[in-house]
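Values below: every heavy atom of this structure, side chains too, minus hydrogens, waters and symmetry copies. Below, read A as the first sequence line, B as the second, and so on, with proteins coming before strands; counting in each chain starts at 1.
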Protein chains: 2
Amino acid sequence: MMTPSIPTPSLVLDAVIVRRNIDAMARYTAEHQLGLRPHSKTHKSTKLGQMQRDAGAIGLTVAKAGEAAIMAEVADDLLLAYPIVDEHRAQRIAELAGKVTVRVALDSTLAAEVMAHAAQAVGGEIGILVDRDVGFHRTGVQSAEEALAIAQLVERTKGVRLDGIMFYPGHLARKEMAEEAYVGALRGVDAILEETVEGWRKNGLEARIISGGTSPTALDSHLIKHQTEIRPGTYIFQDMNGVHGGYASIDDCAARVHATVVSTAVPGQVVIDAGSKVLTSDRCGPAPESGHGLIVEYPDAKIAKLSEEHGQVDVGKSSDVPKVGERVTIIPNHICPCVNLQDAIWWCDEGHPPERVPVEARGMVV
Amino acid sequence: MMTPSIPTPSLVLDAVIVRRNIDAMARYTAEHQLGLRPHSKTHKSTKLGQMQRDAGAIGLTVAKAGEAAIMAEVADDLLLAYPIVDEHRAQRIAELAGKVTVRVALDSTLAAEVMAHAAQAVGGEIGILVDRDVGFHRTGVQSAEEALAIAQLVERTKGVRLDGIMFYPGHLARKEMAEEAYVGALRGVDAILEETVEGWRKNGLEARIISGGTSPTALDSHLIKHQTEIRPGTYIFQDMNGVHGGYASIDDCAARVHATVVSTAVPGQVVIDAGSKVLTSDRCGPAPESGHGLIVEYPDAKIAKLSEEHGQVDVGKSSDVPKVGERVTIIPNHICPCVNLQDAIWWCDEGHPPERVPVEARGMVV
């Protein structure tokens with residue numbers, strides 16, 4: 001889709017693909033009686049959050065307090081899948097919890113105490129999910145005993161309400177493992193959840209919500225039987241991480257950076273007006289040597305090096321080479337931080353002029 | 001400098017260091033009769049551009065039309081050190097050139113024609129620098145003959161005025177070369193400029209401006225005798241690229257990300273609330289295995305892995321380990337794209353409360 005009316009560089013959405021991705025995930029979760037709580041970090045836009053809600057999402061996921069405040073405009077049920085340990089953020093969330101349902105995932109007694117204190121100050125209550133590490137080793141308590149200890153603290157503390165467990169299976173990627181090992185790993189996650197839930201049950205505590213999921217494993221979520229909801233983010237747009245990771249096709253990639261070739265002066269190379277300030281420096285996880293995204297029209301050209309505003313494209317192995325002034329479209333390696341660099345993205349739908357969609361939660365790091 | 005009133009993550013400036021960096025570069029260029037045209041891509045803020053002007057900068061450098069429009073508020077002499085080949089951008093620059101001096105660097109006849117056409121449409125004139133590759137191989141014509149051909153085209157075309165030559169010695173780094181080889185490489189750049197200027201002279205054309213320079217080589221600029229002005233950007237804040245590259249010290253680093261430890265659940269690791277959406281994924285060029293920036297208070301801890309909002313810090317080799325809830329300060333690897341992720345940066349000056357400085361040209365990629 002080429003839209004010369006849009007200046008370059010710009011991030012452009014194909015509405016047909018976005019709708020297809022939203023609908024496919026909604027169908028999958030409905031079929032398996034799983035709640036769908038898409039992570040809004042990928043689009044950071046109320047328009048797209050609203051579309052996910054309209055397709056049946058039970059709520060939205062956010063990482064930061066600023067994102068929560070924005071997404072509360074279109075979702076009355078939010079999960080902040082990120083530990084809050086400072087009073088500033090806790091206070092913002094406690095105030096928001098007076099208007100919509102907000103739950104927070106955490107893995108320390110400090111975080112539980114900070115949340116309780118903030119909720120008590122406004123006379124409210126915040127739902128808590130205990131973050132359990134299932135193998136990614138980023139956040140999350142390491143044992144059923146620790147999960148129980150935090151759950152018991154929450155249970156006896158005013159201002160916080162024990163709602164369940166959160167986990168993030170970010171270490172699992174189907175393509176990198178044999179099928180048997182992959183299914184075994186998913187069952188291993190289930191076993192960790194089982195042990196945690198059982199520990200709670202014995203102590204009279206219930207995990208009403210067990211929230212998991214990430215785009216790479218999203219369509220295998222039914223293999224983790226304990227989870228009640230999933231939080232995929234990237235699935236709405238997909239990217240080259242998904243293509244090389246084996247969980248998306250080129251045709252699933254809804255978001256493309258439109259760029260212009262600004263220089264062909266150096267032999268064997270062309271330079272596009274999309275550098276790291278547009279594409280990010282994120283390499284492709286499953287294919288780190290594949291360059292900084294795919295140029296759809298010139299698949300044999302490699303975006304070999306990024307400066308801040310220059311993308312140096314190696315065309316040495318490309319039979320066809322773009323001319324200076326020509327426009328090209330790029331599927332980024334990692335769409336989430338790429339969206340976060342744009343003030344707006346362009347919504348292109350058949351039969352309609354391109355619509356500028358503001359990325360309202362861009363830069364909401366607090 | 002710890003400022004608990006500022007929420008984390010935030011980028012915080014030490015005013016004393018910023019002023020010292022600005023003054024040192026101003027003194028160096030004055031001493032060597034070089035014009036100083038700082039690249040505003042690093043700070044993207046009119047407050048800091050104004051400070052550079054007040055210290056004697058002859059003008060500012062920008063990369064994009066949107067940046068030019070912002071920086072025109074504080075500088076009446078701008079160089080767009082980036083080729084423009086599309087009508088949209090050319091038109092914006094032609095309109096701006098009616099208000100302030102704007103020059104554009106380019107390396108193709110298409111770019112010269114596009115600029116001339118846009119200038120003619122508004123009855124104005126735009127200064128042109130021909131971009132000459134001196135070894136970095138990103139943009140720039142490859143020979144004195146090509147430089148002459150574009151110069152002659154500009155000379156005979158209405159709407160564009162031949163002002164000189166631009167080059168970018170981004171391939172030179174003192175620390176990576178023996179002293180003799182480094183000085184020889186700088187002389188090699190001078191020889192390329194000499195050949196280009198001589199070609200113009202023989203044909204009755206003058207290069208009134210020869211614009212070079214980058215922060216790594218800035219203080220060796222006097223060794224490239226042909227240049228009339230330099231365009232360092234990073235020098236105002238410095239970063240770990242500068243420290244590991246041998247052209248800055250820790251004490252020169254004026255911009256630090258303040259972050260909070262949000263999780264210590266996983267053994268041997270702490271997690272901070274600054275991930276790739278705050279620090280960028282840029283690795284340190286001269287020390288790619290050094291992690292994603294330096295934690296000043298815990299120099300033996302390594303920011304080993306970034307997710308979008310999580311920084312996973314390996315504390316296995318650190319004798320001292322921060323607690324959950326503790327604040328730390330980080331010197332980023334590459335400060336320019338880091339600034340571009342912030343809506344505002346905090347200006348901290350002794351005896352004054354922190355001042356929120358908007359990053360007005362953030363995200364100006366067009």
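- In this structure, the portion of A:Val271 lying under 4.5 Å from any heavy atom of chain B is its side chain and not its backbone.
- Residues A:Thr8 and B:Val365 are not in side-chain contact: their nearest non-hydrogen atoms beyond the backbone lie 4.5 Å or more apart.
- Residue A:His117 qualifies as open at atom NE2: its count of foreign heavy atoms under 6.0 Å is 12 or below.
- Atoms CD and NZ, on A:Glu308 and B:Lys41 in that order, are 3.5 Å from each other to the nearest 0.5 Å.
- Heavy-atom distances place the side chain of A:Asp133, and not its backbone, under 4.5 Å from chain B.
- Under 4.0 Å is where a charged nitrogen must lie from a carboxylate oxygen, and between A:Arg362 and B:Asp343 at least one such pair does.
- Among the candidates B:Val324, B:Thr260, B:Val262, the single residue satisfying the side-chain contact (heavy atoms from CB on, under 4.5 Å) test with A:Pro83 is B:Val262.
- Between the side chains of B:Asp282 and A:Ser281, at least one donor-acceptor pair of N or O atoms lies under 3.5 Å.
- In this structure, the portions of A:His137 lying under 4.5 Å from any heavy atom of chain B include both its backbone and its side chain.
- Counting heavy atoms from C-beta outward, A:Thr280 and B:Thr280 have side chains that stay 4.5 Å or more apart.
- Looking at A:Glu326, neither its backbone nor its side chain comes within 4.5 Å of chain B, counting heavy atoms on both sides.
- Under the 3.5 Å distance criterion, with hydrogens and angles disregarded, a donor-acceptor pair is assigned to the side chains of A:Ser263 and B:Asp107.
- With a 4.5 Å cut-off on non-hydrogen atoms, A:Arg89 touches chain B through its side chain but not through its backbone.
- Between atom CG of residue B:Asp273 and atom NZ of residue A:Lys64 there is a gap of 5.0 Å, rounded to the nearest 0.5 Å.
- With a 4.5 angstrom heavy-atom cutoff, A:Ser108 touches chain B only via side-chain atoms.
- Note: A:Gly140 leads A:Gly275, A:Gly140, A:Gly363, A:Ser276 in heavy-atom pairs under 4.5 Å with chain B.
- For A:Ala111, no part lies near chain B; criterion is any non-hydrogen pair under 4.5 Å.
- The two residues B:Val85 and A:Gly325 have their closest heavy-atom pair at CG2-CA, 3.9 Å.
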side-chain contact (heavy atoms from CB on, under 4.5 Å) between A:Val266 and B:Arg138, worked out: CA-CA 7 Å; A:Val266 176; B:Arg138 184 173 67 183; over 6 Å; no

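- There is no contact between A:Val114 and chain B, counting heavy-atom distances below 4.5 Å.
- By number of non-hydrogen pairs under 4.5 angstrom with chain B, the leading residue of A:His310, A:His334, A:Gln342, A:His88 is A:His310.
- Within the 4.5 angstrom heavy-atom criterion, atoms from both the backbone and the side chain of A:Glu309 approach chain B.
- In terms of modelled atom types and a separation under 3.5 Å, the side chain of A:Gln312 and the main chain of B:Thr139 share no donor-acceptor contact.
- Atom-to-atom distance recorded for B:Phe136:CZ and A:Ser307:OG is 5.0 Å, nearest 0.5 angstrom.
- Minimum interatomic distance between A:Asn340 and B:Lys277 (heavy atoms only, all atoms of both residues): ND2-CG, 3.5 Å.
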